[in-house]
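Order of the sequence lines sets the chain letters (A, B, ...), proteins ahead of strands, with each chain counted from 1.
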Amino acid sequence: MHAYRTHTCGALRKSDVGTTVRLSGWVNRRRDHGGLIFLDLRDHYGITQCVIEPDAAAFALVDTARSEWVLTLTGKVVARSAETINKDLATGEVELRIEQAAVQGQAQELPLPVFGDHTYPEETRLTYRFLDLRRERLHKNIMLRAGIITSLRRRMIEQGFTEFQTPILTASSPEGARDFLVPSRRYPGQFYALPQAPQQFKQLIMVAGFDRYFQIAPCFRDEDGRADRSPGEFYQLDLEMSFVTQDDVFAAVAPVLAGVFEEFGGGKAVTPHDKFPRIPFAEAMLKYGTDKPDLRNPIEIVDVSEIFGRAEVEFKAFKAKTVRAIPAPGAGPQPRSFFDKLNEWARGEGAAGLGYIQFEDEGGALVGKGPIAKFITGAALTDMAKAAGVKAGDALFFSADAKPDRAANLAGMARTRIGRELNLIPDTEFKFCWIVDFPMYEWNEDDKKIDFSHNPFSMPQFDREKFLGLDPADKDTILGIKAYQYDIVCNGYELSSGAIRNHDPDVMLKAFEIAGYARDETEEKFKGMINAFRHGAPPHGGTAPGIDRIVMLLAGEENLREVTMFPMTQSAQDLLMNAPSPANAKQLKELHLRVVYPEKS
RNA sequence: GGGGGCGUAGCUCAGUUGGUUAGAGUGUCGGCCUGUCACGCCGAAGGUCGCGGGUUCGAGCCCCGUCGCUCCCGCCA
C-alpha cells in the first residue's frame, strides 16, 4: 500500500465499500462524541468523513488531532445508512472506518480558520496566505485562473500563434509608468529595468520575421494599486501580428476572449465574438462619460448644452457650460432623499451638484417637477425629454461644467451610480465592446504643451505626407488626429489595450517631435526599435488583454487579490515573504549602492 | 502625495452620554456524550482596547500625533 494514499479525499464512492484504503489530508472539521469521533479529511480533491470508535487501536492518537493537522488514515470504506448520507458531499454515501492513523504535521492554534466562509481582514489573510489558499473560495479561484490560462494558450495556439519568452531584465523605458530598477553589479551606477510590458520586444519579434507571437507575460509597473489594478506586477496575454489591419487583430482576439468567457462564464450571456460593438472614443465619452463603459447599464447620456443655452431658459448656473443629461428611468416617484443622496455624492466628487428634473403626466401633458424644473418649460422641456428619451415617471439628472471633460466624467460616474441605485445592471451577462479611434494627442494644460494621449507607438490615422508636414503650432489639427488604437471593454472593465503600430521611422520621429521630443532625443531613447524599423519593418499590430482582470470577472470577484495566489498589499508589500526588505552591507557594496533615507520632517 | 473607512481575546465582532471587575460567538484547554456533518451540554483559561502623547477625579470612548490594512483621487504612455 502506498505510504500516503490509495485514493484522494474526493474519490471514494459506494462502489468502494468493503475495500481497505488509505487517505491523507488536512482535518477540515472534528466532531467528538466522546465514544465516537468524526474527522472530515480534506485535500485538493475533496472531503471524506472518517470515523473511529474507542475500542480501535488508533483512537488515542486520533483523539489528539485538531483542525488542520495533516493525517494519514487507513481503514475500511463502509456504506452510510440511508439517514446519515450527506448529499452535500461527493463522498457522502460512504465513510472511512479508521484502523490506523499517522500524524504527518501538527498545526498550532489557527490565526485564520480554514473551515467556513467567514471574511477576515486583509492583513491576516495575506500574512497567512497559505491558510487562506486552503479555503474553498480562493482554492477555487486559483484553479479557475489556471484553467483560463490553459484555455487561452490552447486557443492562441489553435489560431496559429506561437509563444515566445522575452527578457525580464531589460532597459528602462522613458515613457509611461514608473520602472522597477535592478542595479547592475558589473556596471557601477547602471541599472536594468523590469519590463512594463514586452511592448518593444514584441515589435522587434515582428521585425525579426516571426509572425503571430503571444506570451502569458509578466508586466512590472511601480505604481499604486487599486481593487482592479495590482501594485507592482500583473500578467497580460500579450500578442502581436504582422501584415494586419485593425480588423484582422479584432478577428483574431475577439474569438479567444468570447470563447474563454463562454467556457468559464457559468452560463452568463456573452457578446458573440463577431458582434462586439465598435464605439469611437468620442462617442463613448459622450454617451457613457468614460472610455470603459459598462454596456449592461441601459442609461445613455445626452448633451443638452444647446437647450440650456436658449434665451428662454433662464437657468443661469448652466449657461455657457457643457451640460450632460443622465436619464434615470422610473426614478420619478423616488423620494426626495434619493435625489439628495446623489446630489451629495456629486458634491463629494468635487462638482457643484447634480441638478435634476422629475417628469410627470398632468392631464396628458408632460410636466417637470423639482427645484430647477421651473426654468425649463414648454418647448425646452419637451425637446429635452425627446433628446434624452424620457417620459412621465422618469427623472433626468444634469452634470454641468465649463470644462467638457469634467462634465462628461461626472455624468459617467452618475450613470454608473444611478444604474446601480435603480438596479438596472443585470448580473447575468458579459457585454463586450471595442473602443476605437482614440485621439493620438491631448493638450496638457499644466505645461501648455501637446502630449501623447495614450500609446506613443500607435500609427496615426492621417495621410503620411501631410503628417510629416505638420507644424507643431497647428494645434487644432494635431489634437484632432486619431490613432489606430483600441481597447476591449467588458462590463465596465478595460480588459485590453492595443494598436496598429507605427513602423515608419520618419512618422515616428515626427510623432515624437509633435509631442516635444527633439529628433536626436527620440533616436537616442528608442535606438533599438527605430534602428530595426530602418532595416525592413512589416506593418504590425496587436493587443494585450489583462489576465488577472479576465479571471476576476469570470470568478465574480471585485478585487484582484481574490484571483492572485500571492498578492501584495495595496501599499506594495508582500506580508508573507516580507518584501521589500533591506539589503545587507555586502550586497550594497557589490552593487555600488549607498542608501540615502528620506529626511523626516 | 491627498481624502474616507477600519484597528478591542488566537479569530470574527459588540461596547450606550467619559464612570464599578471590558462582553458575546468561535477557537483553545478540562469534563460529559455512540451517528454527527456549523454535533450537543457543563466549566476554565485567554486583553499593552494598534502605538505615543494630551484633556479629565476618571479614557476602549474626547483631542493631537503616528503606524498598519483597505476603498477612492492623483498616478497607471
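- Side-chain N/O atoms of A/R30 include none lying less than 4.0 angstrom from OP1 or OP2 on B/C37.
- Ion pairing of A/R406 with A/D401 is present here, as a side-chain N (NZ or NE/NH1/NH2) and a carboxylate O approach within less than 4.0 Å.
- Base pairing annotation: B/G43 forms a Watson-Crick or G-U wobble pair with B/C29, both donor-acceptor distances under 3.5 Å.
- Between A/Q573 and B/C69 there is a side-chain polar atom (N or O) within less than 4.0 angstrom of OP1 or OP2.
- The nucleotide B/G1 finds its pairing partner in B/C73, both defining distances of the Watson-Crick or G-U wobble pair being shorter than 3.5 Å.
- At the phosphate of B/C37, neither OP1 nor OP2 sits under 4.0 Å from any side-chain N or O atom of A/R80.
- Between A/R31 and B/U36 there is no side-chain N or O to OP1 or OP2 distance below 4.0 Å.
- In this model, no donor atom of one side chain and acceptor atom of the other lie less than 3.5 Å apart for A/T127 and A/T124.
- Contacts of A/E53 with the nucleic acid, taken as non-hydrogen atoms under 4.0 Å apart, include base atoms.
- Ring centroids of A/F438 and A/Y484 are separated by 6.0 Å or more, keeping the two rings apart.
- In this structure, A/E68 does not pair ionically with A/R30, as no charged nitrogen and carboxylate oxygen lie closer than 4.0 Å.
- Taking the ring centroids of A/F234 and A/F220, they lie at or beyond the 6.0 Å cut-off.
- Dashed line: the shortest gap from a side-chain N or O of A/R178 to OP1 or OP2 of B/G1 is not under 4.0 Å.
- For B/C76, neither phosphate oxygen OP1 nor OP2 lies less than 4.0 angstrom from any side-chain nitrogen or oxygen of A/Q196.
- Base pairing analysis places B/G23 opposite B/C13; the two distances defining the Watson-Crick or G-U wobble pair are each below 3.5 Å.
- Considering only side-chain N and O atoms, A/R125 lies nowhere under 4.0 angstrom from the phosphate OP1 or OP2 of B/C69.
- Remark: the A/N86 side chain and the B/C37 base include a donor-acceptor N/O pair separated by less than 3.5 Å.
- In this model, the phosphate group of B/C29 is approached by a side-chain N or O of A/R66 to a distance below 4.0 Å at OP1 or OP2.
- Side-chain atoms of A/R97 come within donor-acceptor range of the base of B/G35, with a qualifying N/O pair under 3.5 Å.
- The pair A/R137-A/E557 meets the salt-bridge criterion, with a side-chain N (NZ, NE, NH1 or NH2) lying under 4.0 Å from an Asp/Glu carboxylate O.
- In terms of phosphate contacts, A/T84 brings no side-chain nitrogen or oxygen within less than 4.0 Å of OP1 or OP2 of B/U36.
- Among the protein residues, A/P113 comes within range of the sugar-phosphate backbone only, with heavy atoms under 4.0 Å from sugar or phosphate atoms but none that close to a base.
- Put simply, A/R229 has no side-chain N or O that comes within less than 4.0 Å of OP1 or OP2 on B/C73.
- Comment: A/E95 does not engage A/K76 in a salt bridge, judged by the lack of any side-chain N to carboxylate O separation of less than 4.0 angstrom.
- Ring pair A/F512/A/F452: centre-to-centre distance below 6.0 Å.
- B/G68 and B/C6 make up a base pair, with Watson-Crick or G-U wobble contacts both under 3.5 Å.
- Neither OP1 nor OP2 of B/C37 sits under 4.0 Å from any side-chain N or O of A/N28.
- Within the nucleic acid shown, A/D451 has no heavy atom closer than 4.0 Å to any nucleic acid atom.
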Collect all protein-nucleotide pairs involving nucleotides 4-7 of chain B in which both atoms are nitrogen or oxygen and the distance is under 3.5 Å.
none

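- Nearer the 5' end of RNA chain B, as judged by each residue's closest nucleotide, is the contact made by A/S81, out of A/R221 and A/S81.
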